Asks: 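So that we are looking at the same thing, I have put the structure below in structure tokens.
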Amino acid sequence: MDFKDLPKAYDSKDVEAYIYKRWEENGFFNPDKLPERNQQGAPFCISMPPPNVTGVLHLGHTLENALMDTMVRFERMRGKKAVIVPGTDHAAIATQAKVEKMLIADGMEYPREELGREKLLEKIREFAEGSKATMINQIRKIGTSCDWSRLAYTFDEERNTAVNELFTRMYNDGLIYRGYRVVNWTVKGQSTCSDDEIEYVDRKAKFYTFKYSKDFPIVIATTRPETKLGDTAVAVHPNDDRYKQFIGQTFSVDVGASKPLNIKVIADEEVDPEFGTGALGVTPAHSAVDFAMYEKQKAKGDPIDIIPVIGEDGRMTAEAGEAYQGLTAVEAREKFVQYLKDNDLLIKEEEIDQSVGTSDRYGDVIEAIPKTQWWLDMNKEIPGRGKSLRDLMRDAVTTGLDGDKEKLVTITPDRFTKLYLDRVENLRDWCLSRQIWWGHRIPVWYKGEEIHVGNTAPEGEGWEQDPDTLDTWFSSGSWTFSTLGWPNETLDLNTFHPTQWMQMGYEILYLWLMRMVLMSTYLFNDIPFKDAYIHGILRDKEGKKFSKSSGNGIDPIEVVDEYGSDALRISLLFGISAGNDSRYYTEKIENGRNFTNKLWNISRFILTNIKQESSSARRTTNNDSSEGEVRSSKYEIRTLSDKWILSRLEEVTASVTKKLETYQFSPAGEELRDFTWNDLADWYLEIAKVEKGKQEILMHILPTILKLWHPFMPFVTEFIWSQFNQDQLIVAPWPQSQDDVPRTMDQEVNSFETLRSLITDLRRLRAEQGIEAAKFVEYSIVADTYQHQLIEENHEVIKSLTRAESINIEETIAEGWATDVSGTMTIGLNLAGAIDVEAEKIKLQKEIEELAPYIKSTEAKLENADFTSKAPEHVVNSMKDKLDEAKKKQQALKERMKSL
RNA sequence: GGACGUUUAGCUCAGCUGGUUAGAGCGUUCGAUUCACAUUCGAAAGGUCGGAGGUUCGAGUCCUCCAACGUCCACCA
């Protein structure tokens, strides 16, 4: 397609499909196929946070892809060996829960029972494969330049090997152990879950204060009376005078169950004498805290019993007594409370606010029940390392591992480091095993008393593999290295690990970031990535979270189809700041689309302009990608506007580079947009229509801004680039900026700014007087020598941009003309006598008044010795200059007033 | 109970280590169909930076307290 055929409006659809295909064909997503320049460059690797195979991508994924792709394209152009390693996550519990829900919706009552393990897994696998295919296509559509040859899946064979190996090593180091402890149990999901998979919701609850029996001396309180059937102790503070006397005694109490409870009164420092009745009914089987007391008592040699009264089905067990067995917890609660009432044991019943833990996937209330599970120890010293996992996780974000700053994870914004650390200090041992089926099987085999832990099943007959699966985060925690080939010593692993950059939403800081740090520090004594950028979540126009239940979900692909991927990308990136939520709404996308179109038309103008103006086919074809700046050597700086725009381009290049280096995506993009639209399009291109002969300069500017824009808007920039280049923009060198912009430019830039405001002021003058836009007018200007020269030199530009018949430099503005002051110049507009003198006076008076307070306060500041002696010189000087100008302006205004 | 975040034009948000008369986009008002673009162009109106103190020559920008909204954490027995 030749540029003369470029349509007036940019149509993203065909272009995007064509361009992405071309990229893939050229193989530049694969770091091994990048040009020599990149092969020599430093590695830059981003592990794509693998989206869950639970369905389709949402806007949040689009934001993440935009962030990653912007970074990787930037670094690729800068000559690094850059790669995004893509993948998907089997998302164990989330996916199984999703498929089960779908099966139930289709009429199945108990999918697990009805299908059995293998058949249900087959269903889930089918669904997962479908999701994967959909999501990969969606990622392509967004334009993410990830290396599909390195595509991974948390549940494929390579990752399974990694997971098993990791588990085995941790087991052999004594960090993974099997233990009977209280776990978080979802009855609906029929599985344990980790502390991180619990979502707390506020609700009202009844708080009951009661005695076990008439003759029991201590009053206790609870929101879960039914669990009290499993109480085996009452804990009080050792110094509590009210209860001291009972410590050590055991009471047999009849609570209306089949057999009486033996309640021992124990002392525990943890009990707060001020809270409630100062005594705590201990239910070791159904409370993590109480279980800890149970363990403590055991260690002390003064054990108490543990009686599970709630089973895995959420119903009361036989241990709860015949009268309760089989009842749901809620039914049992009612029954027990009724018993207390009937026997005059209930002392108080009040309503309180309670925060109750629920399963984030199944939604039901989490029960605490005791169960034998696999755990990862946070506190145990790793053999030969002198540190625990907790220590490593702490070191990785504070001092760097072993005090090495190269092994320090930097989190942006910094405040998340503190949240991370708080969490690290409070981490409990991680329950690794799950009873759901969709996931990596625990690599443990049993035969009688024997246990085998390893990558593969042991030799010999009669071994049975543990039926449980691993917490999904165990596999995603190893993502940064499992995707690079570990446990094999691959070239990728050596080259790209630790990875350079990671981005994620703050909602998975604990779930994922911490686990990745844990795994990498454990295995390699190294970090998983150097810098982590934390982004907020996308909300809708009202600030509500996007969710299926709110019905406000948006399909990014529909948006891409309508507005284009580039438009979507920049509208998501603009207006965000690290760690903060942002809102998404149509106007933003339209704005993105409009800008894309603007860039398109700027390019169209420049390219066609070149064609028309340079009959000698000056257009350079660039056939050596390392010579990206080939055009720059050819241009000639001739006018003020040339100097100005090139100076601005330098400045913007340096600034955008700096901002991208520090992950300031929005400021970088906005600065670029401001330059492209407000400086280049609105001024320089308009001037170019008057001054002519700017082909070379424009053909320097266009490629440069296409490069600068490419990380943000890869499609449209690549396509425009293809109109005058053989090579591809995706691997073109990032523009170099000379930090030392020649000082002589400053003066030029200032002169141009003077010119620019003069033109704006002249335009305003005619607009205020209601002169119709098409009409040519006469201006006159009172200017000093320097300004005079400026106006002379740019006479045609001013005339054209203000639609003037004539512009004359005069001693004074003639009578009957409308006037105003531009900087220190007085400007006039010929109204052919039709001037409202009074209105003019009012306007000028207003301007004089507006200036007065500024002059006054600035003068006061400059007279203040404290200020002039303490403030830095440049501040004082610039203030003097400004004051000077303001005074001149005021003077001009006053003179004009007088002459009226 | 603890911690963190937010509070700047009608709306959505920028404002780095304190230093010019506080910015952008959208929206609004007025004007424009001229040869890149009406997904456009020109011009304008509109905030004193949640509140109260303090530090400083100087505070949206630092400190203290308060308020509203939001988020996370906690063994609320």
Side-chain angles (χ1 to χ4, degrees), chain A residues 6 8-10 200 205 207 220-224 235 270-272 275-283 287-293 352-355 413 415-416 418-419 422-423 426 506-507 509-510 536 541 543 563 567 574-577 579-585 587-588 590-609 662 664 666-667 670 673-674 678 681-682 685-686 689 760 763-768 770-774 801-803 850-851 853-855 857-858 861 864-872 874-876 878-879 881-883 886:
Chain A
L6 297 181
K8 278 172 85 165
Y10 173 58
Y200 289 91
F207 188 59
I220 59 162
T222 184
T223 54
R224 295 290 304 269
E270 297 285 303
V271 178
D272 178 5
F275 191 91
T277 63
L280 157 66
V282 181
T283 324
S287 152
V289 189
D290 296 6
F291 185 81
M293 288 183 184
I352 60 160
D353 291 314
Q354 188 195 30
S355 163
R415 65 185 146 94
F416 287 102
K418 193 177 170 327
L419 288 177
D422 284 350
R423 183 64 166 222
N426 292 314
Y506 56 73
E507 75 278 7
L509 185 76
Y510 302 141
K541 194 166 187 175
Y563 297 95
F574 287 17
I576 65 165
S577 58
N580 294 330
D581 295 350
S582 57
R583 299 188 189 198
Y584 172 94
Y585 42 92
E587 290 87 335
K588 270 192 191 174
E590 284 173 352
N591 199 242
R593 190 262 325 264
N594 293 355
F595 180 75
T596 317
N597 191 244
K598 189 72 191 181
L599 185 63
W600 175 261
N601 274 292
I602 287 170
S603 309
R604 227 161 60 92
F605 173 73
I606 292 176
L607 293 172
T608 53
N609 185 272
T662 49
Q664 300 180 65
S666 184
E670 284 170 55
R673 179 181 57 188
D674 184 53
N678 299 332
D682 290 346
L685 293 188
E686 289 308 317
K689 289 175 186 171
T760 301
R763 283 167 170 172
R764 180 174 51 236
L765 191 56
R766 69 182 290 158
E768 277 171 1
I771 310 279
E772 53 188 281
L801 296 192
T802 57
R803 207 166 178 79
E850 278 170 356
L851 215 46
Y854 170 70
I855 290 174
S857 76
T858 310
K861 267 186 205 165
N864 183 346
D866 264 344
F867 171 71
T868 49
S869 63
K870 289 180 184 169
H874 73 273
V875 172
V876 178
S878 102
M879 201 171 274
D881 292 348
K882 290 288 169 185
L883 176 63

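All chains are named by letter (A, B, ...) in the order of the sequence lines, taking the proteins before the strands, and each is independently numbered beginning at 1. On a predicted model such as this, the values are computed, not experimentally measured, just so you know.
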Asks: With heavy atoms under 4.0 Å as the rule, sort A:Lys689 into base, sugar-phosphate or nothing.
Replies: base

Asks: Whole angstrom is fine here: how far is it from CZ in A:Phe595 over to C1' in B:rU40?
Replies: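 Spelled out: CZ on A:Phe595 to C1' on B:rU40 is 14 Å.
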
Asks: For A:Asn597 and B:rC37, is the shortest distance between a side-chain N/O and OP1 or OP2 below 4.0 Å?
Replies: no

Asks: Identify the two heavy atoms, one from A:Leu280 and one from A:Val271, that lie closest to each other, and give their separation to 0.1 Å.
Replies: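 Distance-wise, the nearest heavy atoms are CD2-CG2, 4.3 Å.
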
Asks: Do A:Ser577 and A:Asn580 have side-chain N/O donor and acceptor atoms under 3.5 Å apart?
Replies: yes

Asks: Please enumerate all residues that pass side-chain contact (heavy atoms from CB on, under 4.5 Å) together with A:Ala221, with sequence neighbours excluded.
Replies: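 side-chain contact (heavy atoms from CB on, under 4.5 Å) list for A:Ala221, sorted by chain: A:Phe207, A:Thr209.
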
Asks: With side-chain contact (heavy atoms from CB on, under 4.5 Å) as the criterion, how do A:Thr858 and A:Lys882 come out once you've worked through the C-alpha distance, each side chain's angles and the decisive distance to 0.1 Å?
Replies: CA-CA 9 Å; A:Thr858 310; A:Lys882 290 288 169 185; over 6 Å; no

Asks: List in chain and number order the residues that pass side-chain contact (heavy atoms from CB on, under 4.5 Å) with A:Glu507, two or more places apart in sequence or in another chain; answer none if no residue qualifies.
Replies: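 A:Glu507 satisfies side-chain contact (heavy atoms from CB on, under 4.5 Å) with A:Ile537 once adjacent residues are dropped.
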
Asks: Heavy atoms only: give me the nearest A:Ile352-A:Thr223 pair and the separation to one decimal.
Replies: CD1-CG2, 3.8 Å

Asks: If you measure from the C1' atom in B:rG15 to the same atom in B:rU6, how many Å do you get, rounded?
Replies: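 Taking atom C1' in both B:rG15 and B:rU6, they lie 15 Å apart.
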
Asks: In whole Å, what is the span from the OH atom of A:Tyr584 to the C1' atom of B:rC26?
Replies: 15 Å

Asks: Which of the following nucleotides, B:rU21, B:rC26, B:rG5, is nearest to the side chain of A:Glu587?
Replies: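 Per side-chain heavy atoms of A:Glu587, the pick is B:rC26.
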
Asks: Distance check needed: B:rC37 C1' versus A:Asn678 CG, whole Å only.
Replies: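 Taking atom C1' of B:rC37 as the reference, CG of A:Asn678 is at 15 Å.
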
Asks: Detail all sub-3.5 Å separations between protein N/O atoms and N/O atoms belonging to nucleotides 72-77 of chain B.
Replies:
{"from": "B:rC76", "atom 1": "N4", "to": "A:Ser355", "atom 2": "N", "distance (Å)": "3.3"}
{"from": "B:rA77", "atom 1": "O3'", "to": "A:Ala221", "atom 2": "O", "distance (Å)": "2.1"}
{"from": "B:rA77", "atom 1": "O3'", "to": "A:Thr222", "atom 2": "N", "distance (Å)": "3.2"}
{"from": "B:rA77", "atom 1": "N6", "to": "A:Asp272", "atom 2": "N", "distance (Å)": "3.0"}
{"from": "B:rA77", "atom 1": "N6", "to": "A:Asp272", "atom 2": "O", "distance (Å)": "2.6"}

Asks: How long is the line joining CG of A:Asp881 and P of B:rU21, in whole Å?
Replies: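 Interatomic distance, CG of A:Asp881 to P of B:rU21: 14 Å.
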
Asks: With rounding to whole Å, what would you report as the distance between B:rG27 and B:rC66 at their C1' atoms?
Replies: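 Approximately 34 Å lies between the C1' atom of B:rG27 and that of B:rC66.
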
Asks: Just by modelled atom types, is the A:Arg803 backbone N or O under 3.5 Å from a matching donor or acceptor in the A:Arg766 side chain?
Replies: yes

Asks: Using the test side-chain contact (heavy atoms from CB on, under 4.5 Å), find all partners of A:Thr802 that sit at least two apart in sequence or belong to another chain.
Replies: A:Ile759, A:Leu762, A:Arg763, A:Tyr779, A:Ile798, A:Ala804, A:Ile807

Asks: Please list, chain by chain and in numerical order, all residues satisfying salt bridge (Lys or Arg N to Asp or Glu O under 4.0 Å) with A:Glu587, sequence neighbours excluded.
Replies: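 So A:Glu587 forms a salt bridge (Lys or Arg N to Asp or Glu O under 4.0 Å) with A:Lys541.
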
Asks: Enumerate all atom pairs, one protein N or O and one N or O from nucleotides 56-58 of chain B, separated by less than 3.5 Å.
Replies:
{"from": "B:rC57", "atom 1": "OP1", "to": "A:Lys870", "atom 2": "NZ", "distance (Å)": "2.2"}
{"from": "B:rC57", "atom 1": "O2'", "to": "A:Asn864", "atom 2": "ND2", "distance (Å)": "3.4"}

Asks: Restricting to non-hydrogen atoms, name the atom on A:Ser666 and the atom on A:Ile576 that form the minimum distance, rounded to 0.1 Å.
Replies: CB-O, 3.2 Å

Asks: Tabulated below should be each protein N or O lying under 3.5 Å from an N or O of nucleotides 13-15 of chain B; please produce it.
Replies:
{"from": "B:rC13", "atom 1": "OP1", "to": "A:Arg583", "atom 2": "NE", "distance (Å)": "3.4"}
{"from": "B:rA14", "atom 1": "OP1", "to": "A:Ser577", "atom 2": "OG", "distance (Å)": "2.7"}

Asks: Rounded off to whole Å, could you give me the CG-to-C1' distance for the A:Leu6 and B:rA36 pair?
Replies: 11 Å

Asks: Does A:Asn601 reach the main-chain N or O of A:Lys8 with its side chain, forming a donor-acceptor pair under 3.5 Å?
Replies: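 Judged by distance alone, yes, a pair lies under 3.5 Å.
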
Asks: If every non-hydrogen atom of A:Ala681 is compared with every non-hydrogen atom of A:Ile602, which pair is closest and at what distance?
Replies: CB-CD1, 3.7 Å

Asks: Can you name the ring pair (Phe, Tyr, Trp, His ring centres under 6.0 Å) partners of A:Tyr506, sequence neighbours left out?
Replies: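 Checked A:Tyr506 against ring pair (Phe, Tyr, Trp, His ring centres under 6.0 Å); zero matches.
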
Asks: Shorter than 3.5 Å, N or O on both sides, protein versus nucleotides 28-32 of chain B: list them out with atom names.
Replies:
none

Asks: Closest heavy-atom contact between A:Tyr10 and A:Asn597?
Replies: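 Closest heavy-atom pair between A:Tyr10 and A:Asn597: N-ND2, 2.8 Å.
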
Asks: In whole angstrom, give me the gap between the P atoms of B:rC4 and B:rG51.
Replies: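 It works out to 23 Å between them.
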
Asks: Using the 3.5 Å cut-off, write out each protein N or O paired with an N or O of nucleotides 41-43 of chain B and the distance between them.
Replies:
{"from": "B:rC41", "atom 1": "OP1", "to": "A:Lys598", "atom 2": "NZ", "distance (Å)": "2.9"}
{"from": "B:rC41", "atom 1": "OP1", "to": "A:Trp677", "atom 2": "NE1", "distance (Å)": "2.4"}
{"from": "B:rC41", "atom 1": "OP1", "to": "A:Asp682", "atom 2": "OD1", "distance (Å)": "3.4"}
{"from": "B:rG42", "atom 1": "O3'", "to": "A:Arg763", "atom 2": "NH1", "distance (Å)": "3.2"}

Asks: Sticking with atom C1', work out how far B:rG23 lies from B:rG46, rounded to a whole angstrom.
Replies: 13 Å

Asks: Given the P atoms of B:rG53 and B:rA59, what is the spacing between them in whole Å?
Replies: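 After rounding to an integer number of Å, I get 14 Å for this pair.
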
Asks: Which dot-bracket string fits RNA chain B when only Watson-Crick or G-U wobble pairs with both atom distances under 3.5 Å count, crossing pairs get [ ], and | stands for a partner on a different strand?
Replies: (((((((..((((.....[...)))).(((((.......))))).....(((((..]....))))))))))))....

Asks: Write down the distance separating the C1' atoms in B:rU17 and B:rG60, rounded off to the nearest Å.
Replies: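 Straight-line distance between the two C1' atoms is 16 Å.
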
Asks: Please determine whether side-chain contact (heavy atoms from CB on, under 4.5 Å) holds for the pair A:Phe574 and A:Lys588, giving the CA-CA distance in whole Å, both sets of side-chain angles, and the decisive distance to 0.1 Å.
Replies: CA-CA 9 Å; A:Phe574 287 17; A:Lys588 270 192 191 174; over 6 Å; no

Asks: So, A:Asn426 versus A:Arg423: side-chain donor-acceptor pair below 3.5 Å or not?
Replies: no

Asks: Between B:rU39 and B:rU48, how far apart are the two C1' atoms, rounded to whole Å?
Replies: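 Looking at atom C1' only, B:rU39 and B:rU48 are 36 Å apart.
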
Asks: Check ring pair (Phe, Tyr, Trp, His ring centres under 6.0 Å) between A:Phe595 and all other residues, then give those that pass, not counting sequence neighbours.
Replies: A:Trp677, A:Trp709

Asks: Rounding to an integer number of Å, can you tell me how far A:Arg604 CZ sits from B:rC35 P?
Replies: 12 Å

Asks: Rounding to a whole Å, what distance do you find between A:Ile855:CD1 and B:rU20:P?
Replies: 18 Å

Asks: A:Arg224 vs A:Thr283, test: side-chain contact (heavy atoms from CB on, under 4.5 Å). Steps then yes/no.
Replies: CA-CA 10 Å; A:Arg224 295 290 304 269; A:Thr283 324; over 6 Å; no

Asks: Please state how far atom CZ in A:Arg673 lies from atom P in B:rU40, giving the value in whole angstrom units.
Replies: 12 Å

Asks: If the C1' atom of B:rG5 is compared with that of B:rA43, how far apart are they to the nearest Å?
Replies: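 Their C1' atoms lie roughly 40 Å apart.
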
Asks: A:Lys882 side chain: which of B:rU20, B:rC26, B:rA3 is closest?
Replies: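 Side chain of A:Lys882 sits closest to B:rU20.
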
Asks: One pair to check against side-chain contact (heavy atoms from CB on, under 4.5 Å): A:Arg673 and A:Asn591. What are the steps and the verdict?
Replies: CA-CA 11 Å; A:Arg673 179 181 57 188; A:Asn591 199 242; 3.2 Å; yes

Asks: If you compare all heavy atoms of A:Tyr854 against all heavy atoms of A:Ala886, which two are closest, and at what distance to 0.1 Å?
Replies: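 The pair with the smallest heavy-atom distance is CE2-CB, 3.9 Å.
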
